[in-house]
Number of protein chains: 2
Amino acid sequence: MTMEDGTSKSPGYCGDTDGDYDVLQWDTREDCEVRQILDRIADKWSLLVIALLDQRSLRFSELRRRIEGISQRMLTRTLRQLERDGLVSRTVYPAVPPRVDYELTPLGVTLHHTIRALVTWTEEHQNEIAFARAAYDARVTAEQEAAERDSAERDAIAREVLAAGRANTG
Amino acid sequence: MTMEDGTSKSPGYCGDTDGDYDVLQWDTREDCEVRQILDRIADKWSLLVIALLDQRSLRFSELRRRIEGISQRMLTRTLRQLERDGLVSRTVYPAVPPRVDYELTPLGVTLHHTIRALVTWTEEHQNEIAFARAAYDARVTAEQEAAERDSAERDAIAREVLAAGRANTG
DNA sequence: CGGAATCCGCCACGATACTG
DNA sequence: CAGTATCGTGGCGGATTCCG
């Protein structure tokens, strides 16, 4: 089964973090649950799959069509990961043609609620972020142009000095 | 300035998503804010930086020491990204030696609160996830071993049949 | 001290082909 | 229809070097 990723060893109990939690304990490079979960839901497709399954259970081909752009490989992998984490359940109907349904588990539903909070935050602040980016980019390009002007000016002065020097010694 | 990533064009208004939101509008491949923010906070270091800055403002070298494992390149890049998005502010003290302080903006603080919800969810459900993984892995290896046993059995039968055939024709 | 620029290894992901 | 197997590649991130 090749096990392309590596999460089999060391459950990595991060210790309890009541109240004044120790940041380094839940996100350092040691494999902590937080990072794994975050990486899972934040990868290219998981979030979308979870969101789609929130409405109702879907079969493989339905997910494939709705997402449009995902390869069958990545859809399979994404669903396997979510299934392994207990966020999505997979039911196979032994029939011809084969049919496989996916749906959110209760745990997956609670995660989706939490995710929604993040999505909501983004929706509420996306204009602030866009504004900040525009301001930042403008500032950077302005400084850049100013630096170029200064450089050109120094070049001009240097050339003048050189010319004056040649006039004196020549 | 090379601009290694590309978020300069098309702000990508995802449309309002009141109530029954359209999932495909906030996470499809078109560059929507949600994905960008999620990718930002979920990348290898941003979340940790945000968490550390939540306590108090820190200078570059302090962050570098506390994180331990991050390269100066990635720390710089991470901070620049966060600064560009208006989540972190950067203040330079013109002195010798140079000193640069980073701190969360009000916007960054609100994001940190939202993130905390996700972290809390993970902390509350990490044992369920660990259990689900263990169960899944156990099931997979069990099926695998069963398949191997079946294969060996079929091999044995096939050999017997072959031997019988030779006995008849020989 | 706080970067910027450069080179490079690795692997996550996509495209393709095959199976039950 | 719902996958698995294989190969090629772009880009992320680390190591190193140089600058103000």
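A note on names: the letters A, B, ... follow the listed sequences, proteins ahead of strands, and every chain is numbered from 1. Please read all numbers here as calculations on a predicted model, not as lab measurements.
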| message | On a heavy-atom basis, which atom in B/L38 and which in A/I41 lie closest, and how many Å separate them? | response | CD2-O, 4.0 Å
| Which atoms form the tightest heavy-atom contact between B/T105 and B/G86, and what is the distance? | OG1-O, 2.6 Å
| Verdict with reasoning, A/L75 to A/W45, per side chain to side chain contact (heavy atoms under 4.5 Å, CB included) | CA-CA 8 Å; A/L75 181 54; A/W45 306 108; over 6 Å; no
| A/L79 CG to D/dT4 C1': how many Å, rounded? | 15 Å
| task | Specify the closest pair of heavy atoms between B/F60 and B/Q72, including all atoms of both residues, with the distance to one decimal. | result | CZ-O, 4.0 Å
| query | Given atom CD of A/Q81 and atom C1' of C/dA12, what is their separation to the nearest angstrom? | reply | 12 Å
| Roughly how far, to the nearest 0.5 Å, is the CZ atom of B/R56 from the CD atom of B/E103? | 11.5 Å
| remark: Atom CD of B/E143 and atom P of D/dT4 are separated, to the nearest Å, by 11 Å
| note | Among the nucleotides D/dA2, C/dG14, C/dG3, whichever has the atom closest to the side chain of A/M74 is C/dG14
| request: Check whether any side-chain N or O of A/W45 sits under 4.0 Å from OP1 or OP2 of C/dG14, and answer yes or no. | output: yes
| remark: Rounded to 10°, the angle between the first-five-pair and last-five-pair axes of the helix from C/dC1-D/dG20 to C/dG20-D/dC1 is 40°
| said: What's the separation between atom CZ in B/R90 and atom CZ in B/R84, rounded to the nearest 0.5 Å? | reply: 15.5 Å
| task | Using heavy atoms and a sub-4.0 Å distance, could you list which residues of residues 57-65 of chain B are near DNA chain D? By number, please. | result | none
| said: Using whole Å, what does the distance between atom P of nucleotide C/dA12 and atom CD1 of A/I70 come to? | reply: 16 Å
| query | Starting at CG of B/L48 and ending at P of D/dG13, how long is that distance when rounded to a whole Å? | reply | 14 Å
| Closest heavy-atom pair and its distance - B/E62, B/S57 | OE1-O, 4.5 Å
| said: Taking B/F131 as the starting point, is it possible to reach A/V109 by hopping between hydrophobic residues whose side chains are less than 4.5 Å apart? | reply: no
| B/V100 versus B/R59: any side-chain heavy-atom pair under 4.5 Å? | no
| remark: Nearest heavy-atom approach of A/V34 to B/T122 is CA-CG2, 3.6 Å
| Nearest-Å distance for atom pair CD/P, residues A/E68 and C/dG14 | 14 Å
| said: To check you understand the geometry: which heavy-atom pair defines the closest contact between A/Y102 and A/L53, and what is its length? | reply: O-CD2, 3.3 Å
| field | Length of the CZ-P vector between B/R77 and D/dG13, whole Å | value | 8 Å
| field | Separation of D/dG3 C1' from A/D101 CG (nearest whole Å) | value | 15 Å
| task | Enter the distance from B/I129:CD1 to A/L87:CG here, rounded to the nearest 0.5 Å. | result | 5.5 Å
| query | When every nucleotide of nucleotides 15-20 of chain D is labelled 5' to 3' by its protein contacts under 4.0 Å (heavy atoms), B for base, S for sugar-phosphate only, - for none, what sequence of letters results? | reply | BB---B
| field | Per A/K44 side chain, nearest of listed nucleotides C/dG14, D/dG14, D/dG3 | value | C/dG14
| request: For B/Y102, answer base if it contacts any base atom (sugar-phosphate contacts may also be present), sugar-phosphate if it contacts only those atoms, and nothing otherwise; contact means non-hydrogen atoms under 4.0 Å. | output: sugar-phosphate
